[in-house]
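Below is one structure; the comments refer to it alone.
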Amino acid sequence: MERNFKEIEERLAKGWEDAGIFEADPIKGKPKTFITFPFPYMNGPLHIGHALTSTRCDVYARFKRMQGYNVLFPWAWHLTGEPISGAALRVKKGDREQIKIFKEMDGVPDEELEKFTDPEYIASYYIKESKQSIKQLGHSIDWRREFHTTELHPQFNKFIQWQYLTLKEKGYVKKGTHPVIWCPNCLSPTGDHDRLKGEGATPVEFTLLKFKFEDAYLPAATLRPETIFGVVNMWLNPDVDYVKLKVGSEKWIVSRQAAEKIKEQKEDVAEIETVMGKEMIGRYCTHPISKEDILILPAAFVDPDNSSGVVMSVPSHAPYDFVALKDIQKDPESVKKYNITKEMLDSIKPISLIEIDAFGEHPAIEISDRMKIKDQNDPRLEEATEIIYRAEFYKGILKENTGKYAGMKVMEVKKMLVADFEKIGVADRMYEVSEEVICRCNTRNIVKILKNQWFLKYSDEEWKDRVREALNDMIILPHDARSNFEYTIGWLDDKACARKGGLGTPLPWDREWKVETLSDSTVYMAFYTISKFVNEYKIKAENLTKEVFDFVFLGIGDISKIAENNNLDEELLKEMKAEFDYFMPVDFRNSAKELIPNHLTFYIFHHVALFKKDKWPRIIGVNGMISIEGDKMSKSKGNFVTLKNALSKYGADTTRATLLYSSEGMKDPDWRFKSAMDISKRLDAFYDLALQIIEMDGEPGTGSARDESDANQPKPPAAFSLKRQIDRWILGRLQGHIKKVTDDYENVRTRSAFQTAFFDIFKDVRWYMRRDVPQKEILNHVLDVWVRLLAPCIPFLAEDIFSKMGGNGFLSVSRWPEADESLLNEEAETGERLIEKTAEDIDSILKVTKIKPKKIVIYTSPIWKWQVLEIVRGLEKPDMKRVMERAMKNDELKSKGKEISRYVTDLLKNITKIESRKRIDEYMVLSEAVGFFSREFGCEVEIFPAGKRDIFDPLNKKNQAAPMKPAIYVE
RNA sequence: GCGAGAGUGGCGGAACUGGUAGACGCGCUGGACUUAGGAUCCAGUGGCUUCGGCCGUGGGGGUUCAAGUCCCCCCUCUCGCACCA
């Protein structure tokens, strides 16, 4: 029969939904498992990466449900942040790129696209579509608890406000100031992914050293404030417009571009007038420390876009300065127009202030000579600067002329020096981007100091300690990932938790700020436990006050008063609290590994801050990052695989199995079209085999295994006839598989689980059917266990086969099989191994001799060889002498000294190859399999024990017979 | 640069505490069954080979009776390093 996955999947999804089997309510005394998937962001359709992570959650949910846990697996949607509202705005403006993404990548039809100017509409569109996909994918979700974030959901909004009010109360939220990369056009911080250029760029702090110039200051920007002691001239760009600024009570002269930055970084800044660069050249400013006159010289290399546009010159330690100065000194004519004379130029001499072993008096001069740098346009100046900077920073020591800093290392003195200079009003600071940043809106970005920004105090050591405590009690899967959490907790610093743009929940005490996306996704799982009531009873947002949440989540307050104050039924309030108490904490949460340094760690932080210890998270699972055909998945590359497309192409089971089988641990899985096709074919084959078993002759189809009292428990196998080794073998193997698969699911090792539950059992069943006439009852039982083991991975197919077997109710809520240790059968295992190996050996003999066999004779090992083998195995360091000593003590062996020594020599040669199997009665095992051998090779087969006298043995083969390696004669 | 993970056949990938490397799947080769087969079943499949073996887990050293696995050095790839979902 054809496997029509569409028909099967649609029918069963509806069946599950109609029966409501995935809806979970508290059941007294029944253990629960609470599983959550990080709610997806709805600015586009779900993709195959979401599906990987969510399917891992669903596998765990289905597994635990079958194990008898009351499993709650809810779902919600994340709308917080800029992208949805940004996209809506771009659609409104007719942005072609954006419209193309919606149309071509996401497949949004034109009539829908028209409404995409509204962020709420975009969200609702994708929620609808995604919900459909998740249902189709067979996730066992309790949809009654569905919700979405931001103020678009007033009740959830209240929940986040409760969270933040509580955090603030506890002192985990504070006000702060912070430099960010800022787009002056969008009027918002620009994150990495919002940049056309400058990914990875960060704000860098420059020290401004203020040189008095007439009634103002020239603030020279530098990363090397200690070199102030070596300044001999000043550089300004003659072709640049400078601006005189009022900065507080001072006046600064900086480039026009710098003025715009300073406005974003300082208080009380106003522009006074424009000053042309060339007007200032040839005049003198005053050194802030030595008070000496410093000549201002022209320099084209001064970039008005970089920091203040004012550069101090330290030719002794800065190659640029040295080379530029030399260029001018060589050609005094060029600066004559600024009224600069040769004498003025010649009086400028480098001042050395840093001592370093690798260089002499003037390192910058030395390196410029060494590298034969021609002039200030030489591109290698960059490299020279780098070399000197590094060498001096790590190894340099300040000289006598630096006053109180003399003798100190450069790397140690920086901070102290800046602090000192700031104190005496000589230094200030400004921020600059570490490299050019261009926003997606095509605007060049600057650094802005955000004031009155709200921060989560992740730097708090006490908080961190409690997070570490929580982490210690948690299970991290895979275990390797734990160190990533520890590392993250270590470096985590205060984090801005609110933004001004995009969608979100306003901070209750400062409503112009909205809780940003990584900060409103940390404890929302608690909301699932009450969203059922919110949805069902349409509880109003205004009734969800802080005291209500305090009561439900923390057990604080008097229930009657709270009920009255908030117009809520007391019973309802009680039920909400009971629901929370029952289902919390979250037992299992899973996501991709990229979320460890932020979301997953924040998740622990907030739980620890808000809830009692018994509500802290239990297990976190992580998986790798998915790629498509070996490439990173991205919309711009056009290799974006949506869940919807995968489902329509391959169906749910194939999609699930392909994902689950694609990787394990932290390895990055790769989605390949071909793998999906392979899996699909294998599933077809499995379906055929299952139907074949069901339709086999024998007891009518109900063969497997139910009893009325416990509808879905597999039948105790003891009732089967286990006379044949092959029957004992397959049941024994099955127990081993049950144990392994159970352990794999427990640790969410889906690849291993699927390997065993699908392929390994498949292989065993094939062997069973080939080896002898199969017993229908046994196959029915195997299939019954088999579909249970597969149900978490391929729920539709497993469920369908289960129902075709005549199973009662739904497999999805049937019992998980338990391994029956008493059925593990090493003897049968060894026996089958012997048969398999013997068949292989005969095969290769036939191949080499090219005989078409008329008769095959198999000679099994004599007992004494087993005995000798056991002696060898029993010795820690076997050698000939010790083995023979032992053997000669045995009366049965004594008479065979010569033969034994020959055999032992052989054994010791291949000592590493000895299999440690228990002795079996080979003669009996092979005799039982005579039928199998004759069928396989199409001829008469005889078995003799090699130890027996007077047996048919024309080529004297029997002496070669050894344990697990019978001798073979073919004619 | 820092932290984490990884590098194994033609391919995807196994190998838990060091113990027959390449499980399982794909592909390929041969065979069986077939009106047919892109179906199914069976067998073979790391390289070299004078057919006795020899060499093989990114590269180079080391520990051990025994190393993909442990130790040291180096190379390459992936993810993360925050105001972004």
Side-chain angles (χ1 to χ4, degrees), chain A residues 38-44 78-84 86 176 178-182 188-195 199-200 202-203 450 453-456 458 478 480-488 490-499 502 516-519 521 592-599 601-602 622 624-625 627 630 632 658 661-672 674-675 677-679 681-682 684-685 688-689 692 740 743-744 747 749 751-752 754-756 758-760 762-763 766 769-770 839-840 843-844 846-847 877 910-916 936 938:
Chain A
F39 45 24
Y41 187 70
M42 284 294 103
N43 66 333
H78 203 200
L79 312 183
T80 312
E82 193 275 334
I84 295 176
H178 200 67
V180 294
I181 297 198
W182 181 263
S188 71
T190 313
D192 257 351
H193 65 287
D194 285 329
R195 299 174 190 172
E199 219 174 297
T202 50
L450 276 185
Q453 167 82 296
W454 292 97
F455 286 86
L456 283 161
Y458 289 139
D480 302 342
R482 179 176 293 273
S483 57
N484 290 8
F485 282 92
E486 286 163 354
Y487 181 72
T488 305
W491 65 255
L492 212 59
D493 204 351
D494 294 347
K495 155 115 178 58
C497 62
R499 297 193 72 174
E516 64 81 51
T517 165
L518 285 168
S519 305
S521 54
K593 63 183 178 186
E594 60 165 357
L595 293 190
I596 297 175
N598 42 60
H599 168 70
T601 302
F602 301 165
V622 297
M625 300 280 297
S627 57
K632 204 169 174 170
T658 305
Y661 193 61
S662 65
S663 86
E664 202 157 274
M666 299 245 268
K667 283 195 187 170
D668 296 327
D670 191 23
W671 172 269
R672 281 170 194 273
K674 220 177 131 303
S675 315
M677 292 311 287
D678 290 345
I679 295 274
K681 268 197 247 168
R682 298 280 87 206
D684 289 343
D688 285 346
L689 179 62
Q692 190 191 332
K740 175 156 186 310
D743 187 53
D744 285 336
N747 289 287
R749 288 188 298 253
R751 185 184 162 90
S752 302
F754 193 72
Q755 174 67 42
T756 306
F758 189 75
F759 292 110
D760 293 353
F762 213 132
K763 212 183 158 220
R766 267 200 307 250
M769 294 176 81
R770 176 182 170 197
E840 277 172 21
D843 243 340
S844 40
L846 294 180
K847 197 165 222 169
K877 285 202 169 172
N910 297 308
I911 191 83
T912 55
K913 292 192 179 175
I914 294 176
E915 287 187 60
S916 58
E936 287 286 306

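A, B, ... follow the sequence lines: proteins, then strands. Residue 1 opens every chain.
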Could you go step by step and tell me if Arg499(A) and Glu82(A) meet the salt bridge (Lys or Arg N to Asp or Glu O under 4.0 Å) rule? CA-CA 9 Å; Arg499(A) 297 193 72 174; Glu82(A) 193 275 334; over 6 Å; no

Worked check of salt bridge (Lys or Arg N to Asp or Glu O under 4.0 Å) between Lys740(A) and Asp760(A): CA-CA 11 Å; Lys740(A) 175 156 186 310; Asp760(A) 293 353; 6.0 Å; no

Give the C-alpha distance, both sets of side-chain angles, the deciding distance and a yes or no for salt bridge (Lys or Arg N to Asp or Glu O under 4.0 Å) between Asp678(A) and Arg672(A). CA-CA 10 Å; Asp678(A) 290 345; Arg672(A) 281 170 194 273; over 6 Å; no

Under the side chain to side chain contact (heavy atoms under 4.5 Å, CB included) rule, what do Tyr458(A) and Asp493(A) come out as? Steps first, then yes or no, please. CA-CA 5 Å; Tyr458(A) 289 139; Asp493(A) 204 351; over 6 Å; no

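As judged by a 4.0 angstrom heavy-atom cut-off over every strand, Thr80(A) is placed among residues touching the sugar-phosphate backbone only. Within 4.0 Å of Gln755(A), counting heavy atoms only, lies at least one base atom of the nucleic acid. Using a 4.0 Å heavy-atom cutoff across all strands shown, His78(A) reaches no nucleic acid atom at all. Asn43(A) comes within 4.0 angstrom of nothing in the nucleic acid, heavy atoms only. Across all strands shown, Tyr661(A) has heavy atoms under 4.0 Å from base atoms, whether or not it also approaches the sugar-phosphate.
Going from atom CG of Leu518(A) over to atom C1' of G80(B) covers 13 Å, rounded to whole Å. At whole-Å resolution of the value, CD in Glu82(A) and P in C83(B) are 15 Å apart. In this structure, the CG atom of Asp670(A) is 15 Å from the C1' atom of C79(B), given to the nearest Å. As a whole-Å value, the separation of Arg682(A) CZ from A39(B) P is 10 Å. Across the protein-nucleic acid pair, Trp671(A) atom CH2 and U78(B) atom C1' stand 21 Å apart, rounded to whole Å. Rounded to an integer number of Å, the gap from Met769(A) CE to C42(B) C1' is 15 Å. Across the protein-nucleic acid pair, Glu516(A) atom CD and C83(B) atom P stand 10 Å apart, rounded to whole Å. Between Asp760(A) atom CG and A15(B) atom P the separation is 12 Å, expressed in whole Å.
Listed pair Lys632(A) / C79(B) meets the phosphate criterion, a side-chain N or O lying under 4.0 Å from OP1 or OP2.
Nucleotide U40(B): paired with A32(B) (Watson-Crick or G-U wobble, both distances less than 3.5 Å). When Watson-Crick and G-U wobble pairs are counted only if both distances are under 3.5 Å, A6(B) pairs with U76(B). Under the Watson-Crick or G-U wobble criterion, with both distances below 3.5 Å, C16(B) has no partner in any strand shown. Remark: C83(B) base-pairs with no nucleotide; criterion is Watson-Crick or G-U wobble with both hydrogen-bond distances under 3.5 Å. The partner of C51(B) cannot be assigned: no Watson-Crick or G-U wobble pair with both contacts below 3.5 Å exists in any strand.
Side-chain contact of Asp744(A) with Ser752(A): a donor-acceptor pair under 3.5 Å is absent, judged by distance alone. Side-chain atoms of Ser627(A) and Lys632(A) include no donor-acceptor pair closer than 3.5 Å. Side-chain atoms of Ser519(A) and Glu516(A) include a donor-acceptor pair closer than 3.5 Å.
Applying the 90° criterion around 0 to the glycosidic angle, G60(B) comes out anti.
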Reading nucleotides 2-8 of chain B from the 5' end, what letters show protein touch, with B for base, S for backbone sugar-phosphate only, - for no heavy atom under 4.0 Å? BSS----

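A residue-by-residue look at Glu664(A) and Phe602(A) shows that Glu664(A) has its nearest nucleotide of RNA chain B further toward the 5' end.
For an aromatic pair to be called close, the ring centres must be under 6.0 Å apart, and Tyr661(A) with Phe758(A) fails this.
Distances from the side chain of Ala496(A) to the nucleotides C83(B), C79(B), C84(B) place C83(B) closest. Side chain of Arg751(A), nearest nucleotide from A14(B), C84(B), A43(B): A14(B).
The closest donor-acceptor contact from the side chain of Thr601(A) to the backbone of Ile596(A) lies under 3.5 Å. Proximity of a side-chain donor or acceptor of Tyr41(A) to a complementary backbone N or O of Ile84(A) within less than 3.5 Å is detected. Listed for the Lys593(A) side chain is no donor-acceptor partner under 3.5 Å among the backbone atoms of Gly624(A).
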Which atoms of nucleotides 27-37 of chain B (N or O only) lie under 3.5 Å from a protein N or O atom, and what are those distances?
none

